[in-house]
S.K.: 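Sharing a structure with you now.
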Amino acid sequence: MSIFSLSSPIRGRQATSLHRRFIIGAGFGAALAVLLLAAGANMLLGRDAEQQGDTRVADAASRALIVVTEALDDRTRQAKVLALSPEVVSAAREGGTRARTLGIVGKNIDTLEKQFSATHSMVVAPATRLHLRELLSPLEAVDMLLTDANGYNAVITDRSADFVQSDEEWWQIAWRDGVSPAEAAFDPASRQFTVALAAVVRDGGAKVGVIKLKSSVTPLISALASAGAGARVDILDSADNVLLSSESSVVGRVLHGMPSGDADSAQAVSVAVDSVTERALALRANAGRWRIVAHLPTAEIAAPFRTARLVVLGGAAAVLLVLVLPLAAMNQFLQRRIFIPARELAEAAEAVAAGDFSVQLCRLSADDEIGRLSRAIGAMIL
């Protein structure tokens, strides 16, 4: 060990600690590397979770689109087949004859509604009415309505909300195009939500009426729930009203902020549903009139990755803890073999430079740089 006089100028000076800077730098660098790796792994897990969530909502929307398209195609085929039925054609033609006999063709709609307020129908072809009522259950329908060429109800299987249908958009489209797009709405006559569409009735090449088929939405809601596979699927109209949903409790609500479902933007986006952040994707259906929106809360998407993230964070903490032990051992080794001897040699050299030759050094026997330097300085002092 070195012996210094009390007057040595080195004793009162606070020299910068090289070993402290080395250990702190090494520890900080190692900790920063571990934290960067953990942050990178966490970021990759978050990106993977978002990609899997987007894939889930995209698959759910695609499956729901297939379900809805097939269901509407089935209902369209049923309406077209009914429109070709001889009983239906005959009843529609009979309705037109009845309207001319009653002299109601061209009368004011309000007047006709009051005149037929009791029946809302001309009550023709009772056998056809019975036949259509028998078909309700096999077709999973809740109501059928047949008009004549004037749009007046000729046959109804249940009470209709009004007598004249020719002022309704669905009737006009069916009369013009042969079939109307599907409509999903609450039906006041049957007091339940239904999906309805209509087809024109022809007698040879002449249009003699329109038949409308209203179906229960219950089977379609069940199919949407299956297609969603855990994701919620909503069908919205242009005003953001929920027409159908895999969660029947939200039918009739307004759901703003959902993606448009346009072909050039059919990708998942983040939306807020009841103050919950979700990933959502929309597709168009029913000739573009409906949006099929599949969405999932981001918390639910991230849930399967939560364990992996905890493992990453726990691993990073464990690595940092493990690094402390070798750093402490390295600190002790370097301090004993390098930093303390180097500091004593530096202080001795500074004392000699100041004219103090009373410095005494313990010579180190180690055959390394520090040992050689110690012996050389000791020889210089002597």
Side-chain angles (χ1 to χ4, degrees), residues 47 49-77 79 169-170 173-174 177 179-187 193-198 214-302:
R47 186 178 303 170
E50 182 174 299
Q51 289 176 349
Q52 289 199 24
D54 291 353
T55 300
R56 285 184 63 186
V57 295
D59 290 346
S62 298
R63 289 191 298 267
L65 177 61
I66 293 173
V67 166
V68 170
T69 301
E70 290 181 347
L72 297 185
D73 287 346
D74 285 343
R75 296 296 183 268
T76 302
R77 282 192 293 270
E169 183 182 13
W170 64 265
I173 294 175
D177 300 336
V179 65
S180 69
E183 293 181 339
F186 182 79
D187 178 45
F193 282 93
T194 62
V195 174
L197 49 82
K214 296 180 182 179
S215 303
S216 171
V217 299
T218 302
L220 188 52
I221 287 176
S222 300
L224 288 177
S226 299
R232 181 173 134 189
V233 179
D234 298 326
I235 298 180
L236 312 179
D237 63 10
S238 58
D240 294 331
N241 297 304
V242 181
L243 303 175
L244 298 169
S245 175
S246 56
E247 293 184 12
S248 57
S249 61
V250 303
V251 174
R253 287 182 53 190
V254 178
L255 201 60
H256 294 301
M258 287 299 181
S260 65
D262 295 330
D264 57 350
S265 62
Q267 57 185 1
V269 297
S270 293
V271 298
V273 180
D274 297 331
S275 302
V276 176
T277 302
E278 300 190 353
R279 296 291 290 178
L281 185 141
L283 298 174
R284 290 281 178 171
N286 192 25
R289 291 171 173 252
W290 292 354
R291 280 179 296 158
I292 298 177
V293 183
H295 49 108
L296 267 174
T298 53
E300 182 177 336
I301 294 173

S.K.: If you measure from CZ on Arg289 to CD on Glu183, what distance do you get to the nearest 0.5 Å?
M.R.: 7.0 Å
S.K.: Show the atom names and distances, to 0.1 Å, of all donor-acceptor pairs under 3.5 Å that link a side chain in residues 228-235 to residues at least two apart or in another chain.
M.R.:
from	atom 1	to	atom 2	distance (Å)
Arg232	NE	Asp234	OD1	3.2
Arg232	NE	Asp234	OD2	3.0
Arg232	NH2	Asp234	OD2	3.1
Asp234	OD1	Ser245	OG	2.5
Asp234	OD2	His295	NE2	2.8

S.K.: What residues, two or more places apart in sequence or in another chain, satisfy side chain to side chain contact (heavy atoms under 4.5 Å, CB included) together with Ala184?
M.R.: Val195, Leu243, Leu244, Trp290
S.K.: If every non-hydrogen atom of Pro259 is compared with every non-hydrogen atom of Arg291, which pair is closest and at what distance?
M.R.: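 Answer, listing the atom of Pro259 first, then Arg291: O-NH1, 2.9 Å.
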S.K.: List in chain and number order the residues that pass side chain to side chain contact (heavy atoms under 4.5 Å, CB included) with Ser216, two or more places apart in sequence or in another chain; answer none if no residue qualifies.
M.R.: Val142, Gln192, Thr218, Pro219
S.K.: Can you find a heavy atom in the side chain of Ser270 that is under 4.5 Å from one in the side chain of Arg279?
M.R.: yes
S.K.: Kindly indicate whether the side chain of Arg284, heavy atoms from C-beta on, has any atom under 4.5 Å from the side chain of Asp262.
M.R.: yes
S.K.: What is the distance from atom CZ of Arg253 to atom CG of Asp240, rounded to the nearest 0.5 Å?
M.R.: 12.0 Å
S.K.: Could you list the residues that satisfy side chain to side chain contact (heavy atoms under 4.5 Å, CB included) with Thr69, not counting sequence neighbours?
M.R.: Leu65, Asp73
S.K.: May I ask you to test the Met258-Val273 pair for a side-chain heavy-atom distance under 4.5 Å?
M.R.: yes
S.K.: Any side-chain heavy atom of Leu72 sitting closer than 4.5 Å to one from Asn286?
M.R.: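 Yes, close enough: below the 4.5 Å cut-off.
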S.K.: Who are the side chain to side chain contact (heavy atoms under 4.5 Å, CB included) partners of Asp177, not counting sequence neighbours?
M.R.: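 So Asp177 forms a side chain to side chain contact (heavy atoms under 4.5 Å, CB included) with Ile173.
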S.K.: Which heavy atom in Val254 sits nearest to a heavy atom in Ala239, and how many Å separate them?
M.R.: CG1-O, 4.2 Å
S.K.: State which residues pass salt bridge (charged side-chain N to carboxylate O under 4.0 Å, His left out) with Asp59; sequence neighbours excluded, sorted by chain then number.
M.R.: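 Asp59 satisfies salt bridge (charged side-chain N to carboxylate O under 4.0 Å, His left out) with no residue once adjacent residues are dropped.
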S.K.: Taking side chain as C-beta onward, heavy atoms only, is Leu281 less than 4.5 Å from Val293?
M.R.: no
S.K.: Do you know which two heavy atoms are closest between Ala294 and Ala60, and how far apart they sit?
M.R.: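 Reported closest heavy-atom pair: CB-CB, 3.8 Å.
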S.K.: Any donor-acceptor pair under 3.5 Å linking the side chain of Thr298 with the backbone of Thr277?
M.R.: yes
S.K.: Taking Asp274 for the side chain and Val276 for the main chain, is one N or O donor matched with an acceptor at less than 3.5 Å?
M.R.: no
S.K.: I need the Asn241 CG to His256 NE2 distance, nearest 0.5 Å.
M.R.: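 The CG atom of Asn241 sits 8.0 Å away from the NE2 atom of His256.
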